[in-house]
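What you see below is based on every heavy atom in this structure, not just the backbone, and it leaves out hydrogens, waters and symmetry mates. As the structure is a computational prediction, the values presented were derived from the model and not from experiment. The chains referred to below are lettered A, B, ... by the order of the sequence lines, with proteins before strands, and numbering in each begins at 1.
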Amino acid sequence: MREKELRRSLAVFPIGTVMKLTDLSARQIRYYEERQLVKPQRTDTNRRMYSLNDVDRLLEIKDYIQEGLSVQAIYNKYHRPKSKSKERQLTDEDVRQILYNEILNQGGFVQPEDFSHNY
DNA sequence: CTTCTAACA
DNA sequence: TGTTAGAA
């Protein structure tokens, strides 16, 4: 299943095709690249070449813009993968603590109330 | 003819 | 964002 991914990443469309596929103007497509929302490849003659993944991302960006998201917000979405917006992310220490308590629990040496406050 | 960069009556 | 000029 790795071959498909490679094909999706192959840069094969010139900007003209991407314009038709995404219904975005060349100006916008180039602007989003400038904002680092997409990273099209370049040919030996400096022409931008987009992959299927790039087109998908552009389509996604188009939706986000319509939904009112700023370019900055979208940038963060792609560069700062934050899992669940509200919940706190578990650190390695948290995982060790939970694992440790779980072992104690299985051993039946402590009651749930004795460690529940640890996480 | 298509795409690129830079600039703005 | 659109548009345009000049180069590639």
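- When the nucleotides C:dA8, B:dT5, C:dG2 are ranked by their closest atom to the side chain of A:Arg47, C:dA8 comes out on top.
- Atom OH in A:Tyr50 sits roughly 10 Å away from atom P in B:dT3 (whole-Å rounding).
- Rounding to the nearest 0.5 Å places CE of A:Met19 at 6.5 Å from OG of A:Ser25.
- Judged by atom type and distance alone, A:Arg30 does not reach the base of B:dT5 through any side-chain donor-acceptor pair under 3.5 Å.
- Taking atom CD1 of A:Ile29 as the reference point, atom C1' of B:dT5 lies 16 Å away to the nearest angstrom.
- Each of A:Thr22, A:Leu37, A:Leu21 was compared with A:Leu58 under the side-chain contact (heavy atoms from CB on, under 4.5 Å) criterion, and only A:Thr22 meets it.
- Following rounding to the nearest Å, A:Met49 (CE) and B:dT2 (P) show an atom-to-atom distance of 15 Å.
- Rounded to whole Å, atom P of B:dT3 lies 8 Å from atom CE of A:Met19.
- Taking the ring centre of A:Tyr78 as origin, the terminal cationic atom of A:Arg57 falls inside the region bounded by 6.0 Å and 45° from the ring axis.
- Between C:dG2 and A:Ser25, a contact under 4.0 Å exists linking OP1 or OP2 to a side-chain N or O.
- Atom P of nucleotide B:dT3 and atom CZ of A:Arg42 are separated by 13 Å, given to the nearest angstrom.
- Atoms CD (A:Glu33) and P (B:dA6) sit 12 Å apart, rounded to a whole Å.
- A:Glu34 has its CD atom 11 Å from the C1' atom of B:dA6, to the nearest Å.
- Atom CG in A:Asn46 sits roughly 9 Å away from atom C1' in B:dT5 (whole-Å rounding).
- The shortest heavy-atom contact between A:Glu33 and A:Tyr50 is OE1-OH, 4.3 Å.
- Listed nucleotides C:dT1, B:dT5, B:dT3 differ in distance to A:Arg48; the shortest reach to its side chain belongs to B:dT5.
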Writing each nucleotide of DNA chain B 5' to 3' as (, ), [, ], | or . by Watson-Crick or G-U pairing under 3.5 Å yields .|||||||.
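- Contact annotation: A:Tyr31 side-chain N/O to B:dT5 OP1/OP2 distance is not under 4.0 Å.
- The distance from atom CE of A:Met49 to atom CZ of A:Phe13, rounded to the nearest 0.5 Å, is 9.0 Å.
- Once rounded to the nearest 0.5 Å, the distance linking CD of A:Gln28 with CG of A:Asp23 reads 8.5 Å.
- Between A:Arg7 atom CZ and A:Ser51 atom OG the span is 14.0 Å, to the nearest 0.5 Å.
- For a distance-only test at 3.5 Å, the side chain of A:Arg27 qualifies as a donor-acceptor partner of the base of C:dT3.
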